[in-house]
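Computed from a predicted model, the values in this text were never measured in an experiment.
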Amino acid sequence: MRPSSEIDDVKVLIVGSGAREHALAWSLSQSRDVSSILIAPGNGGARYLPLAHRVPIEVTDVTGMVACARQEAVDLVVVGPESALEAGLVDALAAEGFPVFGPNRLAARLETSKVFAKDFMRRHGIPTAAYQQHIDFELALSYCERLRHNVALKADGLAAGKGVILPRTEAETFGALERLRGSGLWQVDQPLVIEERLNGWETSVFALADGRDYRIFAHAQDYKRAYDGDEGPNTGGMGAVSPSPLTGAELAVVEEQVVAPTFAGLARDGMSYVGILFFGLMMTRRGPMLLEYNARFGDPETQVILPRLRGGIAEAVRACAAGRLQEVEFDWDPRPAVGVVMASGGYPKQYGIGHRIKGLDAEGNVDSFVFLAGAEETPDGDVVTEGGRVLTAVGLGPDLASARVAAYGRVKTLGFESAEYRSDIGLEAARR
Ligand code: AMP
Ligand code: GLY
């Protein structure tokens with residue numbers, strides 16, 4: 001196999017099927033060194049990227065993915081979703097000598113197990129909400145009472161950002177505990193994490209890591225609730241803005257209190273981390289508090305971060321996989337980006353699929369982009385809806401207001417039956 005840092009016709013395999021992976025493929029294809037991009041399994045967005053081809057392999061099919069990497073002789077693998085990390089894809093690819101962007105299964109537990117993450121934060125002095133984990137119903141209830149029912153309830157394991165319950169009263173706490181018990185999400189082998197509920201504003205900070213060093217990469221803000229004004233159920237994300245309102249001074253505090261101790265802690269625990277680490281933070285009056293880690297790019301954050309990175313992400317991901325992150329320079333477009341997710345009517349609950357998406361072939365404007373997620377190509381060449389979150393429309397502008405105009409301008413050119421989207425993404429007042 002060729003050493004990946006020395007070649008200039010790089011063949012990349014991207015694992016995943018969301019708008020995040022579409023944005024990654026689009027950004028990678030801006031590098032002159034990248035000659036070909038495989039996306040497994042990808043989505044209907046691949047047809048808009050001349051270098052991209054899809055391969056029909058599920059993200060957790062480790063054997064199939066490794067066989068594909070071998071057969072196609074790829075030079076680099078970029079792993080999108082946490083389910084692939086948890087399935088051990090990075091470990092299997094690394095064992096075969098492939099340069100991989102993504103943490104191994106052990107390091108990915110920072111995301112895949114809330115209990116592991118909270119223990120890690122406590123062990124390494126990283127500010128986070130007080131918490132306990134409980135198997136027993138009565139003990140769980142009495143801890144909630146101690147926190148005066150000001151709690152966040154989290155079932156361990158993967159819940160794709162939808163696993164948090166924030167009850168408001170004693171009765172709601174009791175009802176939520178009963179429902180969790182009944183649902184099977186809270187069992188002997190899956191203790192419930194009960195956290196103190198924090199108040200403040202949320203931001204996501206991203207750091208790249210090459211197994212030795214880390215670099216702060218970018219920050220963004222996402223909108224998790226389904227409806228305007230942060231109402232409605234939690235979703236996988238209905239929009240995002242980058243940069244977030246973090247000041248330079250606040251970011252320095254986040255780095256000192258959260259990011260640096262995390263990487264020092266990983267080293268102390270003997271874990272090597274390669275890839276991107278996403279810090280989900282609540283900025284409180286007591287300073288930044290870490291809500292969660294994600295061991296991967298965020299979705300929809302990636303869709304608003306990558307359009308701001310001039311020259312694309314190829315050099316950075318190659319450097320991470322090759323252990324030479326310190327050599328990389330990031331050239332950021334100072335303009336903010338706003339991303340609006342268009343979802344199928346009814347998402348995140350029941351929704352229909354198979355509706356034709358109009359406007360995708362419209363001439364792209366240099367200040368707006370469309371990244372597809374739940375969208376598939378039909379045999380007769382149409383692109384139809386296929387999932388809950390269908391696409392992210394992104395706009396760049398000299399200020400936030402202009403970026404919003406660019407993003408919503410692009411939204412207006414698109415359409416499918418019963419499309420839903422929030423109209424307040426990037427509104428200044430909602431941000432902090
Ligand atoms: P998570 O699944 O941990 O990412 O949490 C999803 C969302 O739940 C976060 O983005 C917050 O909005 C909210 N949340 C989680 N933990 C807390 C907490 N301790 N206090 C307040 N809100 C929380
Ligand atoms: N936007 C949050 C996530 O990717 O989990």
Colleague: Between the side chains of D424 and Y227, is a donor N or O closer than 3.5 angstrom to an acceptor N or O?
Modeller: no

Colleague: Starting at CG of D382, measure out to NZ of K358 and round the result to the nearest 0.5 Å.
Modeller: 11.0 Å

Colleague: Looking at every non-hydrogen atom in both residues, tell me the closest pair between Y223 and D230 and how far apart they are.
Modeller: CD2-OD1, 4.5 Å

Colleague: Take atom CZ in R32; do more than 12 heavy atoms of anything else shown fall under 6.0 Å from it?
Modeller: no

Colleague: Donor-acceptor check, side chain of R422 to backbone of A226, threshold 3.5 angstrom: yes or no?
Modeller: no

Colleague: Going from CG on L291 to OG1 on T128, what distance comes out if it is rounded to the nearest 0.5 angstrom?
Modeller: 7.0 Å

Colleague: Could you walk me through whether H219 and T203 pass the side chain to side chain donor-acceptor pair (under 3.5 Å) test, one step at a time?
Modeller: CA-CA 7 Å; H219 51 92; T203 177; 4.8 Å; no

Colleague: Should the ring pair F217 and F297 be called parallel, tilted or perpendicular, given that the plane angle runs from 0 to 90° and is split at 30 and 60?
Modeller: perpendicular

Colleague: Quick check: F416 with H355 (ring centres under 6.0 Å apart)?
Modeller: no

Colleague: With side-chain contact (heavy atoms from CB on, under 4.5 Å) as the test, would you mind laying out the steps for L85 and V90 before giving the verdict?
Modeller: CA-CA 6 Å; L85 303 172; V90 171; 3.7 Å; yes

Colleague: Could you give the distance from CZ (R356) to OG1 (T385), rounded to the nearest 0.5 Å?
Modeller: 11.5 Å

Colleague: Between T392 and G339 (side chain of the first, backbone of the second, donor and acceptor by atom type, cut-off under 3.5 Å), is there such a pair?
Modeller: no

Colleague: Should the heavy atoms of other residues, nucleotides or ligands under 6.0 Å from CZ of R168 be counted, would the total exceed 12?
Modeller: no

Colleague: Within the distance-only criterion (no hydrogens, no angle test), does the side chain of N104 pair as donor or acceptor with the backbone N or O of D91 below 3.5 angstrom?
Modeller: no

Colleague: Any carboxylate oxygen within less than 4.0 angstrom of a Lys/Arg side-chain nitrogen, looking at R179 and E172?
Modeller: no

Colleague: R215 side chain to L325 main-chain N or O, any donor-acceptor pair under 3.5 Å?
Modeller: yes

Colleague: Going through the distances and angles, do V254 and F279 end up as a side-chain contact (heavy atoms from CB on, under 4.5 Å)?
Modeller: CA-CA 9 Å; V254 169; F279 299 81; 5.7 Å; no

Colleague: Mind telling me whether W332 and F330 have parallel, tilted or perpendicular rings, with 30° and 60° as the class edges?
Modeller: tilted

Colleague: Quick test of your reading of the model: are E21 and R54 salt-bridged, counting only N-O distances below 4.0 Å?
Modeller: no

Colleague: Ignoring hydrogens and geometry, is there a side-chain-to-backbone donor-acceptor pair from Q326 to R324 under 3.5 Å?
Modeller: no

Colleague: Go through the steps to decide whether V328 and C320 satisfy the test side-chain contact (heavy atoms from CB on, under 4.5 Å), and finish with yes or no.
Modeller: CA-CA 9 Å; V328 178; C320 287; over 6 Å; no

Colleague: Got a donor-acceptor contact below 3.5 angstrom from the R318 side chain to the E315 backbone?
Modeller: no

Colleague: Determine whether a donor-acceptor pair (N or O, by modelled atom type, separation under 3.5 Å) exists between the side chain of R308 and the backbone of A337.
Modeller: no

Colleague: Decide side-chain contact (heavy atoms from CB on, under 4.5 Å) for V304 and V338; before the verdict, give the C-alpha distance in whole Å, the side-chain angles of both, and the deciding distance to 0.1 Å.
Modeller: CA-CA 6 Å; V304 288; V338 169; 5.7 Å; no

Colleague: Does I425 offer a backbone N or O that forms a donor-acceptor pair with the side chain of Y408 under 3.5 Å?
Modeller: yes

Colleague: Give a yes or no answer on whether the side chain of T235 reaches the backbone of R225 with a donor-acceptor pair at less than 3.5 Å.
Modeller: no

Colleague: Mind checking the CD-CE spacing from E202 to M283? Nearest 0.5 Å is all I need.
Modeller: 11.5 Å

Colleague: Looking at Y293 versus F278, is the centre-to-centre ring distance below 6.0 Å?
Modeller: no

Colleague: Can you tell whether the side chains of D9 and K11 come within less than 4.0 Å, N to carboxylate O?
Modeller: no

Colleague: Counting N and O atoms only, with roles assigned by atom type, does the side chain of K118 sit under 3.5 Å from a partner on the main chain of A129, one being a donor and the other an acceptor?
Modeller: yes

